[in-house]
A.B. asks: 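Here's a structure for you.
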There are 2 protein chains.
Amino acid sequence: MANTIDGERRRRELAETVWRLILRGGLPAASVRGVAEEAGLATGSVRHFFPSQAELHNFAMLELMATVTERVRAAAQTPDVRERARAMLEELLPFTDRTHAEFAAYLEFLDRSRIDTALEPVASESVRAARELVVTILTDLRTLGMLRPEIDVDTEAVRLHAFLDGLMLQLLVAPDLNSRQQARDALAGWLEALEVKA
Amino acid sequence: MANTIDGERRRRELAETVWRLILRGGLPAASVRGVAEEAGLATGSVRHFFPSQAELHNFAMLELMATVTERVRAAAQTPDVRERARAMLEELLPFTDRTHAEFAAYLEFLDRSRIDTALEPVASESVRAARELVVTILTDLRTLGMLRPEIDVDTEAVRLHAFLDGLMLQLLVAPDLNSRQQARDALAGWLEALEVKA
DNA sequence: GTCAAACTAACACGGGTGTGCTACTTTGAG
DNA sequence: CTCAAAGTAGCACACCCGTGTTAGTTTGAC
């Protein structure tokens, strides 16, 4: 056989092309023809790796989740507990140009999953994973006795999760409302308020 | 002249048709042909009231903001201060089937405004208005001495605004995450935590 | 009743889309 | 070297889109 190695790399390249096009022109820009042209391929070539547009988009969103998950895993290596919590949660926000493009695509997919049942499973899984991450971080803080006693983990998880999603939405669609640094500070301030006084 | 009275009514009808179609099939469903068929008109009739699709969508979003603004104004009549704050902020969340459709359209327009410069002015104005409402409510509470002294209005406004937007996003794209009642309770609980102990 | 304006309707054009299909080129295992 | 598979490329079909244009119908002021 020929390039069996390049197959998955090509698919990942095309997934990133989808993200880039969505950042630039929204989901409609991520057409089969558009992706092919942006990647310098023929439409037939794209369809060789992805039999349908639905599979291309599905893969692009799965790859998106995998990328974010990997970054969260990397941030989980931070030694200090407080720093770790902050670092992990920061990976759920678009703080760099790179991640801004990714979350722009994520928002588009998430929104589309409301209609497109093919995207629904992976979309709701992503939301579930985010909630789980928040709960886990809060539970760890509680176990370590670093959470103010009057705070309920489940109640706080709902608030923090919604706060993060709202901040993400605002950074994407209304970047003038909060600068990235302001958003960073807002998250840091939030977490400080959770902790027991030193 | 003929029905000068019906003109604006027709335009409002078509705006609501746009909302309904967006709820059902996303922004792509709000095509000129789609709106015409849903409203029982010919495409030429729709284009008689709106010279272009851009004007139709722009008007639909303006009408959306006017509707929400009117509801907030009505909620502002609530006598009790605490109840009033809660009632007004609840109007920024999709708690009924009716408002769910409206906010679904709003999210779609907001997302589209990231790309479509024609929607950008009204979109950023809507975000600014929401922020202003939050700030105003918090400022009123502070003036009345009902806000816990350690709370800074501006800091709290950023948090509460992001919390509301996140809750809206989740109610729209991940309705299984939080029920409407849970979201209502979360908002009520948040506001209670802001107030000075009775 | 007249008539201009408001309103409704239908067609055609050019363009973009997803997808199916076929043919060509490159590659690397045997 | 052979040759089957991987990869690339291009075309055609049917569909939907926004929009321009033209024509017919209804309405209400005068």
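By convention in this document, chain letters (A, B, ...) are assigned in the order of the sequence lines, proteins followed by strands, and residues within each chain are numbered from 1.
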A.B. asks: Using heavy atoms to find the nearest nucleotide of DNA chain C for A:P51 and A:S31 separately, return the residue whose nucleotide is more 5′.
C.D. replies: A:S31
A.B. asks: For B:E37 and C:dT8, what is the distance between atoms CD and C1' respectively, to the nearest whole Å?
C.D. replies: 17 Å
A.B. asks: Could you tell me the separation between the NE2 atom of B:H48 and the C1' atom of D:dG24, rounded to a whole number of Å?
C.D. replies: 13 Å
A.B. asks: Counting any heavy atom closer than 4.0 Å, what does A:S52 reach on the DNA or RNA strands: base, sugar-phosphate only, or nothing?
C.D. replies: sugar-phosphate
A.B. asks: Does the side chain of B:E192 come within less than 4.5 Å of B:R82's, by heavy atoms?
C.D. replies: no
A.B. asks: Is there a donor N/O on one and an acceptor N/O on the other, under 3.5 Å, for the side chain of B:R47 and the base of D:dG20?
C.D. replies: yes
A.B. asks: Evaluate the ring planes of B:F50 and B:F59, with Trp represented by its six-membered ring, and classify them as parallel (under 30°), tilted (30 to 60°) or perpendicular (over 60°).
C.D. replies: tilted
A.B. asks: In this structure, how many angstroms lie between the P atom of C:dC7 and the CZ atom of B:F50, rounded?
C.D. replies: 12 Å
A.B. asks: Looking at B:R114 and A:L172, would you say the former's side chain and the latter's main chain have a donor-acceptor pair under 3.5 Å?
C.D. replies: no
A.B. asks: Tell me which residues in residues 109-120 of chain B lie within less than 4.0 Å of DNA chain C, going by non-hydrogen atoms.
C.D. replies: none
A.B. asks: Nearest whole angstrom, please: distance from the P of D:dG7 to the CG of A:L41.
C.D. replies: 12 Å
A.B. asks: May I have the distance from B:L27 (atom CG) to D:dC16 (atom C1'), rounded to whole angstrom?
C.D. replies: 15 Å
A.B. asks: Kindly state which residues belonging to residues 55-63 of chain A come within less than 4.0 angstrom of DNA chain C, counting heavy atoms of the residue only, listed by number.
C.D. replies: none
A.B. asks: Does any part of the side chain of B:F109, heavy atoms only, come nearer than 4.5 Å to the side chain of B:I22, both counted from C-beta?
C.D. replies: yes
A.B. asks: Does atom CZ of B:R128 have more than 12 heavy-atom neighbours from other groups under 6.0 Å away?
C.D. replies: yes
A.B. asks: A quick test of your reading: do over 12 heavy atoms of other residues, nucleotides or ligands sit less than 6.0 Å from CD of B:Q53?
C.D. replies: yes
A.B. asks: Does any part of the side chain of A:M61, heavy atoms only, come nearer than 4.5 Å to the side chain of A:V18, both counted from C-beta?
C.D. replies: no
A.B. asks: Is the CZ atom of B:R73 crowded by more than 12 outside heavy atoms at less than 6.0 Å?
C.D. replies: no
A.B. asks: Could you tell me the separation between the CZ atom of A:F49 and the P atom of D:dA9, rounded to a whole number of Å?
C.D. replies: 10 Å
A.B. asks: Just so I know, are the side chains of A:R10 and A:L41 near enough to count as touching, which here means a heavy-atom distance under 4.5 Å?
C.D. replies: yes
A.B. asks: Between B:Q53 (CD) and C:dG16 (C1'), how many Å, whole number?
C.D. replies: 14 Å
A.B. asks: Given D:dA9, is OP1 or OP2 found less than 4.0 Å from the side-chain N or O atoms of A:S45?
C.D. replies: yes
A.B. asks: Once hydrogens and angles are ignored, does a donor-acceptor distance under 3.5 Å link the base of D:dG18 to the side chain of B:R33?
C.D. replies: yes
A.B. asks: Rounding to a whole Å, what distance do you find between A:L21:CG and C:dG16:P?
C.D. replies: 15 Å
